[in-house]
Amino acid sequence: MMGSLKLTEIVSKKLSGGKVTSPSAAPCPRGHFAAYTRDGRRFFIPIAYLGSDTFRELLNTAEEEFGAPGGRPIVLPCSADRLEQILDAFRSGGGGGAKKKCAGAAGRISKIW
């Protein structure tokens with residue numbers, strides 16, 4: 001299992017031009033929030049997804065692991081590949097079906113990190 005990046009490592013990568021994208025590189029689209037994965041990839045996630053059990057669990061676990069975001073970026077406790085899978089499940093479910101489809105995945109979400 002890959003070790004988690006510490007917040008200081010993520011910030012230092014941003015400042016040193018490492019793999020983490022600078023928050024100012026691309027503005028967050030309206031109706032989305034920006035979040036990083038533990039491997040440093042930045043994602044724009046639709047705010048509508050926050051109503052799902054899957055994202056509530058991800059954010060609760062992120063807060064337990066990294067603390068409340070406050071004035072720093074949100075870091076989700078999963079890999080970029082796993083977050084892509086979660087987002088694909090939302091997209092393929094379409095509308096209200098996406099919430100149902102991902103809510104079923106919430107039971108398995110603890111296995112992603």
Atom pair CZ/CD1 of Phe55 and Ile45 - distance to nearest 0.5 Å: 4.5 Å
Working for side chain to side chain contact (heavy atoms under 4.5 Å, CB included), residues Phe66 and Arg72: CA-CA 11 Å; Phe66 303 114; Arg72 64 169 176 77; 3.6 Å; yes
Asp39 side-chain N/O to Ala80 backbone N/O, donor-acceptor pair under 3.5 Å: yes
Ala34: side chain to side chain contact (heavy atoms under 4.5 Å, CB included) partners, not counting sequence neighbours: Cys28, Arg42, Phe44
Rounded distance (nearest 0.5 Å) linking atom OH of Tyr49 with atom CZ of Arg56: 15.5 Å
Heavy-atom donor-acceptor pair, Arg38 side chain to Val75 backbone, under 3.5 Å: no
Heavy-atom closest pair, residues Ser92 and Ala89: OG-O, 3.3 Å
All side-chain hydrogen bond (donor to acceptor under 3.5 Å, both in side chains) counterparts of Glu63, not counting sequence neighbours: none
Side chains of Phe43 and Glu84 in contact at under 4.5 Å (non-hydrogen atoms): yes
CD on Gln85 to SG on Cys78, rounded to 0.5 Å: 9.5 Å
Spatial distance of atom CG (Leu87) from atom CZ (Arg82) [nearest 0.5 Å]: 10.0 Å
Ile74 CD1 to Thr37 OG1 distance, which is reported to the nearest 0.5 Å: 13.0 Å
Leu76 vs Tyr36 side-chain heavy atoms within contact, under 4.5 Å: no
